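Below is one structure, written out as structure tokens, with a few remarks after it.
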Amino acid sequence: MSDRININVSAIDYDKTSKALTYQLSMLEEMVHSQEDFVMTDSEFAFGWHFFVLSINRSLVQKLVDTMGSDFDRLKGKGMEKKFLTWLTKNVERKSPRFKLAIKEEMESSKYGIF
């Protein structure tokens with residue numbers, strides 16, 4: 001198992017979305033006393049959307065799980081990664097218009113073979 005969670009991000013407005021994600025994850029780092037636990041790639045633009053990858057240390061997510069306790073367990077999704085996507089989406093969606101998050105490895109191993 002990788003020590004990073006790679007998330008594909010699709011956004012209409014790269015600047016707003018990347019800043020909102022950076023702000024939210026920086027606040028999370030501050031809350032759990034962590035540093036430099038995420039990186040973001042530059043975007044590629046196609047079909048009116050910006051596509052980029054957000055890579056987060058699994059240890060940062062585990063610290064969030066430990067901090068939130070049973071509240072984290074109540075988030076929608078199966079497993080820690082999906083619940084983290086739910087948490088991140090809920091905390092960023094009011095700051096950024098139209099964006100989607102998906103676990104990169106799941107998209108690449110899609111049964112439909114699209115990626």
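Computed from a prediction, not measured in an experiment: that's the story for all the values here.
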Quiz item: Can Met31 be reached from Met68 by stepping across I, L, V, M, F, W or Y side chains whose heavy atoms are under 4.5 Å apart?
Solution: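 Hydrophobic grouping puts Met68 with Met31.
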Self-check item: Common cluster, Met40/Leu25, ILVMFWY with side-chain heavy-atom separation under 4.5 Å
Solution: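 Yes: a chain of side-chain contacts under 4.5 Å links Met40 to Leu25.
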Practice problem: Mark yes when over 12 heavy atoms from residues, nucleotides or ligands other than Lys76 sit less than 6.0 Å from its NZ; otherwise mark no. | Solution: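 No.
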Quiz item: Do other residues, nucleotides or ligands put more than 12 heavy atoms under 6.0 Å from Glu44 CD?
Solution: no
What I'd like to find out is whether the side chain of [X] reaches to under 4.5 Å of the side chain of [Y], using heavy atoms alone.
X	Y	value
Phe38	Gln24	no
Asn6	Leu54	no
Ile7	Phe84	yes
Val39	Arg4	yes

Quiz item: To the nearest 0.5 Å, what is the distance between CG (Leu28) and CG (Asp37)?
Solution: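 Leu28 atom CG to Asp37 atom CG measures 8.5 Å (nearest 0.5 Å).
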Exercise. Report the distance from atom CG of Asp3 to atom CD1 of Ile56, rounding to the nearest 0.5 Å.
Key: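 Answer for the CG-CD1 pair, Asp3 versus Ile56, is 13.0 Å.
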Quiz prompt | SB check Asp66 Lys63 (cutoff 4.0 Å) | solution =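 So Asp66 does not pair with Lys63 through a salt bridge.
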Quiz item: Between Arg58 and Glu81, does at least one N-O distance fall below 4.0 Å, as a salt bridge requires?
Solution: yes
Quiz item: Taking only residues two or more places apart in sequence, or in another chain, which ones meet Ser18 in a side chain to side chain donor-acceptor pair (under 3.5 Å)?
Solution: none
Quiz item: Parallel, tilted or perpendicular for Tyr14 and Phe52, by the 30°/60° rule?
Solution: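 If you compare the ring of Tyr14 with that of Phe52, the planes turn out perpendicular.
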Exercise. Could you walk me through whether Thr89 and Phe99 pass the side-chain contact (heavy atoms from CB on, under 4.5 Å) test, one step at a time?
Key: CA-CA 9 Å; Thr89 300; Phe99 72 96; 4.3 Å; yes
